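No experiment lies behind these values; they were computed from the predicted model shown.
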Amino acid sequence: VQLQASGGGSVQAGGSLRLSCEAAGRPRSTYDMGWFRQTPMKEREFVAAVRWSDGSTLYRDSVKGRFTISRDNVKNKVYLQMNSLELEDTAVYYCAADPKITTVPNWIHFWGQGTQVTVSS
């Protein structure tokens with residue numbers, strides 16, 4: 001599975017961005033998909049995931065109520081709508097795909113190239 005992420009950019013605190021990730025390869029629609037993020041000072045961390053089987057979602061606590069993950073199985077895309085962005089959300093965001101996604105980065109099979117999100121005051 002090849003993953004192509006887009007949609008990063010710079011925004012002021014309180015603003016919004018939407019990340020997109022398109023999956024290519026087969027069988028792409030049967031993978032759980034998610035987003036992780038990383039800064040130079042921290043290890044890669046889980047942000048959100050959506051399961052292909054039932055569309056259920058999972059979020060890290062700090063983004064609950066602000067971020068929404070969704071997927072379009074017809075277009076083979078996953079989205080991350082980020083609202084009320086905070087300075088601490090600044091990071092490189094990575095799209096991820098896995099037959100059974102977890103919150104542990106080392107267990108993820110497929111990664112996108114990363115897209116920078118910068119939140120300023």
Side-chain angles (χ1 to χ4, degrees):
V1 176
Q2 295 83 46
L3 304 173
Q4 182 69 40
S6 61
S10 298
V11 65
Q12 288 191 322
S16 299
L17 283 173
R18 188 174 86 149
L19 305 182
S20 299
C21 177
E22 183 171 5
R26 294 182 181 272
R28 50 190 185 269
S29 64
T30 62
Y31 284 86
D32 295 347
M33 297 187 73
W35 294 91
F36 289 69
R37 66 188 182 188
Q38 187 170 18
T39 67
M41 301 301 293
K42 295 173 65 176
E43 294 184 351
R44 193 168 298 188
E45 63 183 23
F46 170 78
V47 177
V50 56
R51 297 184 179 89
W52 77 269
S53 57
D54 60 3
S56 59
T57 58
L58 182 66
Y59 297 93
R60 71 178 295 107
D61 287 346
S62 64
V63 308
K64 286 180 180 177
R66 300 188 298 120
F67 291 11
T68 302
I69 189 169
S70 61
R71 68 185 295 165
D72 185 331
N73 287 341
V74 174
K75 296 181 178 180
N76 297 307
K77 287 187 173 182
V78 64
Y79 306 97
L80 185 67
Q81 178 66 44
M82 305 184 294
N83 298 328
S84 302
L85 282 161
E86 302 171 352
L87 299 180
E88 294 74 20
D89 296 319
T90 295
V92 176
Y93 283 70
Y94 294 90
C95 178
D98 197 275
K100 188 174 176 63
I101 203 164
T102 76
T103 62
V104 181
N106 288 349
W107 296 353
I108 297 298
H109 281 78
F110 303 104
W111 292 102
Q113 84 283 14
T115 183
Q116 176 71 46
V117 171
T118 302
V119 183
S120 60
S121 59

Does the side chain of Arg66 come within less than 4.5 Å of Tyr59's, by heavy atoms?
no
Validation row: Phe67, Leu85 side chains within 4.5 angstrom (heavy atoms):
yes
Could you check whether any side-chain heavy atom of Met82 comes within less than 4.5 Å of a side-chain heavy atom of Val11, counting everything from C-beta outward?
no
4.5 Å side-chain heavy-atom contact, Val78 and Ile69
yes
Passing option when Trp52 is tested against Met33, Lys100, Arg71 for side-chain contact (heavy atoms from CB on, under 4.5 Å):
Arg71
In this structure, would Leu58 and Ile108 fall into the same cluster of hydrophobic residues linked by side-chain contacts under 4.5 Å?
yes
Going from OG1 on Thr102 to CZ on Phe46, what distance comes out if it is rounded to the nearest 0.5 angstrom?
8.5 Å
With a 4.5 Å limit on heavy-atom distance, are the side chains of Val117 and Leu19 in contact?
yes
To the closest 0.5 Å, what do you measure between OG1 (Thr68) and CZ (Arg18)?
11.5 Å
So, Ser62 and Arg60: side-chain donor and acceptor under 3.5 Å apart, yes or no?
yes
Out of curiosity, does Leu17 fall in the hydrophobic cluster containing Val50 (side-chain heavy atoms, cut-off under 4.5 Å, transitive links)?
yes
Rounded to the nearest 0.5 angstrom, the OG-CD distance for Ser6 and Gln113 is 8.0 Å
Which atoms form the tightest heavy-atom contact between Ala91 and Thr39, and what is the distance?
CB-CG2, 3.7 Å
Between Trp35 and Cys95, does the side chain to side chain contact (heavy atoms under 4.5 Å, CB included) criterion hold? Intermediate values first, please.
CA-CA 5 Å; Trp35 294 91; Cys95 178; 3.9 Å; yes
Val92 and Leu80: same hydrophobic cluster, using ILVMFWY side-chain contacts below 4.5 Å?
no
Same hydrophobic cluster for Tyr94 and Tyr79, using side-chain heavy-atom links shorter than 4.5 Å among ILVMFWY?
no
For the CD atom on Glu86, are there more than 12 heavy atoms of other groups (residues, nucleotides or ligands in this structure) within a distance under 6.0 Å?
yes
Tell me whether Leu3 shares a hydrophobic cluster with Tyr93, the cluster being built from Ile, Leu, Val, Met, Phe, Trp, Tyr side chains joined at under 4.5 Å.
yes
I want to check something: taking the side chain as every heavy atom from C-beta on, are Pro99 and His109 in contact at a cut-off of under 4.5 Å?
yes
For Ser16 and Asn83, work out which heavy atoms get closest and say how close.
OG-OD1, 2.9 Å
Does a side-chain heavy-atom distance below 4.5 Å link Val63 with Arg37?
yes
Heavy-atom pair with the smallest gap, counting every atom of Ile101 and Gly34
CD1-N, 3.5 Å
I'd like to check Thr90 versus Gln116 (side-chain heavy atoms, cut-off strictly below 4.5 Å). Are they in contact?
yes
Euclidean distance, Asp89 CG relative to Thr118 OG1, rounded to 0.5 Å:
11.0 Å
